[in-house]
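Note that the numbering runs from 1 along the sequence shown for the chain.
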Amino acid sequence: MSSTTSKFEKLLKGSKEYGKVNHQPDSSKEIQINTPEKTMPFSDQIGNYQRNKAIPVKSYKDSKIYIVGSGIAGMAAAYYFIRDGHVPGENIIFLDQLHVDGGSLDGAGNTTDGYIIRGGREMDMTYENLWDIFQDIPALELPAPYSVLDEYRLVNDNDPNYSKARLIHQKGQIKDFSKFGLEKKDQLSIIKLLLKKKEDLDDITIEQYFSTSFLESNFWFFWRTMFAFENWHSLLECKLYMHRFLHAIDGMKDLSCLVFPKYNQYDTFVTPLRKFLQSKGVQIDLNTLVKDLDIHSDIEGKVVEAIIIEKDGKEERIPVGKDNYVIATTGSMTEDTFYGDNLTAPAIDLDKNNSGQSAGWKLWKNLAAKSPVFGKPEKFCGNIEKSSWESATLTCKPSAFVDKVKELCVNDPYSGKTATGGIVTISDSKWLMSFTCNRQPHFPDQPDDILVIWIYALFMDKEGDYIKKTMPQCTGNELLAELAYHLGIIDQLDNIVENTIVRSAFMPYITSMFMPRAKGDRPQVVPEGCTNLGLVGQFVETNNDIVFTMESSVRTARIAVYELLNLNKQVPDINPLQYDIRHLLKAAQALNDYEPIVGEGLLRKFLKGTYYEHLLVENEDAQDHESFFTEQINKLKQWIGGIRE
């Protein structure tokens, strides 16, 4: 019995629940009913009651924690080991093959060489695990005692995000983006997908399920460009996304459902979290490749006994032992990135024959060779033609391009406020090119006369409309030419090139998490039988959360720590808004472009003048509309009246 809980010894020894916590309850399977046996919160019950401090069952002051990968998942694991496991920070060591921390949350550069961000953060208010961490991490710019979350709220609460040019076409003209344009059969397909069990969707692609009319709708246009889905990606992941963001569907047309950081992802999240961890004594060893884990298996389980690393060209062995713990990030969405600049295209030396062979996939592949419980990495890194795209970061001095961007912004981009409000997609681009100008400055040291703009394309394997090459074949200046053509300013290309630094990045595995998958392809956070190993990141299994978000990485880290240390805390399932009747009704109305939905007239009459009158979004057309069911009710009344007569 821990000295911390000695006063509760009689209670805890007589408890059937103590030490048997389900650390990741599943809201898609739990029947939410109160019983004498139900002592802990429901699976997706969020709020302050979940803010209890974890009480470790024993002391971990002598345990060493080795974390492979210093991305957000690894950093989050370190944070939870310290906060909830009470592990001394100096006992935690990061091992990372890269020369800089942060993993895929990168952001670097200057005005001379140009800035670069391989990706950005479209954020949601319901990221409960992410905000759980950052409500306690000291702010980047506000003084103590304010947190990163306080800064985030200060920016987004007072500078609303939305787009006035979500879609453009015809040489830079704003296109009407007010409707989803879904046919009734396609709305029904979405409803049926939401109703399907996850277990029934193994290895099914989006295009195998949805009709051509759905795939050509504005809804799918918004969805795929916002989240980077391709038609051949996983239908299961698409379903999970629809559940996760059901509450946000009505705001996807103008992107008013999003919140964005003030700066790039590295400076906003990695920098303050790293500073916090280092202040606790955490050690970060860079340029250190973890090649394999020496795992001993017997009837009692699987125990990591050593970590095999390569540093400075020499292989070394780090003893671990059963009282120490290893957290490993499996796979990497930004591994094998190839870079280009204004005058050169990315020199891509990779194809389906040698994909997934590099260092970032080595550890997972070696683990998978030991046991099926470690998953099937080849499902995710074996087909780069279907998992890659290219982005480019533009460092812009005033030019004709900047002037055109200003026209498409909500506010003057030099004002520090919301600019494009998210991606602007060129709907008639063969590459399906999008670009975004986030709040500026995007880097803390960015000069006042510089804008940093990010572009990417989903159909980069097609020839451009102006530059008759695929996107990866293009130099940075050729990318500018293609963009200028679609903005109607190709005649001012020389001015644009002269004032724009381009740094491009081809990423072979950037959407590999979306590849069709089946049960067992991704390992559990704590694989079956493992007693001192947790796997985190974008390629491990969770109950209902999605991939390609910081939230999901943090969730896996939190689960790993809680399960390995058997803490008396749960990791709440995703925010329960998908079960809220208000959001279900709102989503149904939005998907139907606010034309009356089936039964709406009857429901409005039933709710009129009651406490629940506000559940339906106001729609003047719907007020006078008699739905099919209303008409049938009236006919029934007339029929009954006729019988009485």
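Between Phe514 and Phe229, the ring planes are parallel. Angles under 30° get that label, and only those over 60° would be called perpendicular. Ring geometry for Phe81 against Tyr325 counts as tilted: the plane angle lies between 30° and 60°, on a 0 to 90° scale. Aromatic ring pairs are classed by plane angle as parallel below 30°, tilted from 30° to 60° and perpendicular above 60°; the pair Trp389 and Trp454 is perpendicular.
To the nearest 0.5 Å, atom CZ of residue Arg166 and atom CZ of residue Phe222 are 6.5 Å apart. In this structure, CG on Asn342 lies 7.5 Å from OG1 on Thr475, to the nearest 0.5 angstrom. With rounding to the nearest 0.5 Å, the separation of CD in Gln524 from SG in Cys530 is 11.0 Å.
Here the two rings, on Tyr339 and Phe506, have centers that are 6.0 Å apart or farther. Aromatic rings from Phe245 and Trp223 are positioned such that their centres are separated by 6.0 Å or more. Ring centroid separation for the pair Phe380 and Tyr509 does not come in under the 6.0 Å cut-off. For Tyr152 and Trp131, the ring centers sit closer than 6.0 Å to each other. Between Tyr263 and Phe443, the gap from one ring centroid to the other reaches at least 6.0 Å.
By the neighbour-count criterion of 12 heavy atoms within 6.0 Å, atom NZ of Lys362 is sparsely surrounded, having that number or fewer from other residues, nucleotides or ligands. Applying the 6.0 Å contact sphere to CZ of Arg121 captures more than 12 heavy atoms from other residues, nucleotides or ligands. More than 12 non-hydrogen atoms from other residues, nucleotides or ligands lie less than 6.0 angstrom from CE of Met242. In Asp349, the CG atom is not crowded: 12 or fewer heavy atoms of neighbouring residues, nucleotides or ligands sit closer than 6.0 Å. Annotation: Tyr162, atom OH; neighbour count of heavy atoms from other residues, nucleotides and ligands within 6.0 Å does not exceed 12. No more than 12 heavy atoms of other residues, nucleotides or ligands sit less than 6.0 Å from atom NZ of Lys280. For CD of Glu385, the number of neighbouring non-hydrogen atoms (other residues, nucleotides, ligands) closer than 6.0 Å is 12 at most. Within 6.0 Å of CG on Asp448 lie no more than 12 heavy atoms contributed by other residues, nucleotides or ligands.
Salt-bridge formation is not detected for the pair Asp341/Arg503: no Lys NZ or Arg NE/NH1/NH2 atom is positioned less than 4.0 Å from an Asp or Glu carboxylate oxygen. Under the 4.0 Å criterion applied to side-chain N and carboxylate O atoms, Glu230 and Lys386 are not assigned as salt-bridge partners. Ion pairing of Asp292 with Lys365 is absent here, as no side-chain N (NZ or NE/NH1/NH2) approaches a carboxylate O to less than 4.0 Å. Checked for salt-bridge contact, Asp159 and Arg439 meet the test: a charged N lies under 4.0 Å from a carboxylate O. Between Glu237 and Arg517, at least one side-chain N (NZ, or NE/NH1/NH2) sits under 4.0 Å from a carboxylate O, which counts as a salt bridge. Ion pairing of Arg83 with Asp132 is present here, as a side-chain N (NZ or NE/NH1/NH2) and a carboxylate O approach within less than 4.0 Å.
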Worksheet item: Does the pair Trp364 and Val540 meet the rule for a side chain to side chain contact (heavy atoms under 4.5 Å, CB included), with working shown?
Response: CA-CA 11 Å; Trp364 188 12; Val540 293; over 6 Å; no

Item to complete: Give the intermediate values and the outcome of side chain to side chain donor-acceptor pair (under 3.5 Å) for residues Arg244 and Thr126.
Response: CA-CA 9 Å; Arg244 189 71 165 89; Thr126 64; 3.2 Å; yes

Practice prompt. Could you give me the CA-CA distance, side-chain angles and deciding distance for Phe548 and Ile546, then say whether side chain to side chain contact (heavy atoms under 4.5 Å, CB included) is met?
Written response: CA-CA 7 Å; Phe548 220 170; Ile546 58 176; over 6 Å; no

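Gln283 places no side-chain N or O within donor-acceptor distance of the main-chain N or O of Ile93, the cut-off being under 3.5 Å. Between the side chain of Thr425 and the main chain of Leu432, no donor-acceptor pair closer than 3.5 Å is present.
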